[in-house]
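To start, the structure under review is shown below, and the notes come after it.
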Amino acid sequence: MYTLYYRPTCPYSKKVLAAAKALGVGLELRDIGEGVHCGELKKRGGKQQVPYLVDRKHNIEMYESDDIVEYFRSHAASA
């Protein structure tokens, strides 16, 4: 399973969420509008940008919606 830091109103977050749904990718969602998740995101990635994906299984973390969608396409079967 993946963890996704996101903001519900962010179009880039919506793009990642739609791709995850279409590909059947399970996500643990962390809305950065909730203070604790915003602080976690800053500690992990150094900035408050969303979406931000964490794949603990493969020790991968990344920003950028297009990169995340491509990662889902190439790694969804192993999640």
Side-chain angles (χ1 to χ4, degrees):
M1 173 160 313
Y2 303 112
T3 300
L4 183 71
Y5 291 86
Y6 79 112
R7 188 176 298 128
T9 58
C10 170
Y12 302 106
S13 293
K14 289 178 182 180
K15 177 181 183 175
V16 170
L17 292 169
K21 183 176 181 180
L23 295 167
V25 174
L27 295 173
E28 176 186 339
L29 297 175
R30 296 195 178 170
D31 180 352
I32 67 161
E34 300 173 17
V36 66
H37 296 311
C38 185
E40 288 174 11
L41 174 60
K42 286 181 182 177
K43 283 182 183 177
R44 294 194 83 100
K47 52 188 173 179
Q48 192 176 319
Q49 178 181 324
V50 290
Y52 185 75
L53 180 71
V54 178
D55 177 355
R56 287 186 183 91
K57 181 177 179 181
H58 295 105
N59 201 29
I60 299 290
E61 299 189 21
M62 69 180 72
Y63 289 104
E64 300 300 332
S65 59
D66 288 338
D67 293 342
I68 294 170
V69 170
E70 183 56 36
Y71 188 77
F72 286 163
R73 288 188 180 128
S74 61
H75 292 87
S78 65

Checklist entry - Can you name the residues that form a salt bridge (Lys or Arg N to Asp or Glu O under 4.0 Å) with R44, not counting sequence neighbours? => result E61
Item to check | E64 vs Q49 side-chain heavy atoms within contact, under 4.5 Å | outcome: yes
Item to check | Closest non-hydrogen atom pair between Y71 and I60, with its separation | outcome: OH-CG1, 3.5 Å
Item to check | V50-I68 co-clustered via ILVMFWY side chain contacts under 4.5 Å | outcome: no
Checklist entry - Any side-chain heavy atom of H58 sitting closer than 4.5 Å to one from D55? => result yes
Tell me which donor-acceptor pairs under 3.5 Å the side chains of residues 11-18 have, and how far apart each pair is, sequence neighbours excluded?
from : atom 1 : to  : atom 2 : distance (Å)
S13  : OG     : R7  : N      : 3.3
K15  : NZ     : D66 : OD1    : 2.2

May I have the list of side-chain donor-acceptor pairs in residues 23-37 shorter than 3.5 Å, sequence neighbours left out?
from : atom 1 : to  : atom 2 : distance (Å)
E28  : OE2    : R30 : NE     : 3.0
E28  : OE2    : R30 : NH2    : 2.6
R30  : NH1    : Y5  : OH     : 3.0
R30  : NH1    : E40 : OE1    : 2.8
D31  : OD1    : G33 : N      : 2.8
E34  : OE1    : H37 : NE2    : 3.4

Checklist entry - Rounded to the nearest 0.5 Å, what separation is found between the CG atom of L53 and the CG atom of D67? => result 10.5 Å
Next on the checklist: Can you classify the ring geometry of F72 versus Y2 as parallel (below 30°), tilted (30 to 60°) or perpendicular (above 60°)?
Outcome noted: tilted
Checklist outcome for this item: Smallest heavy-atom separation, L41 atom then K47 atom, equals CG-O, 3.5 Å
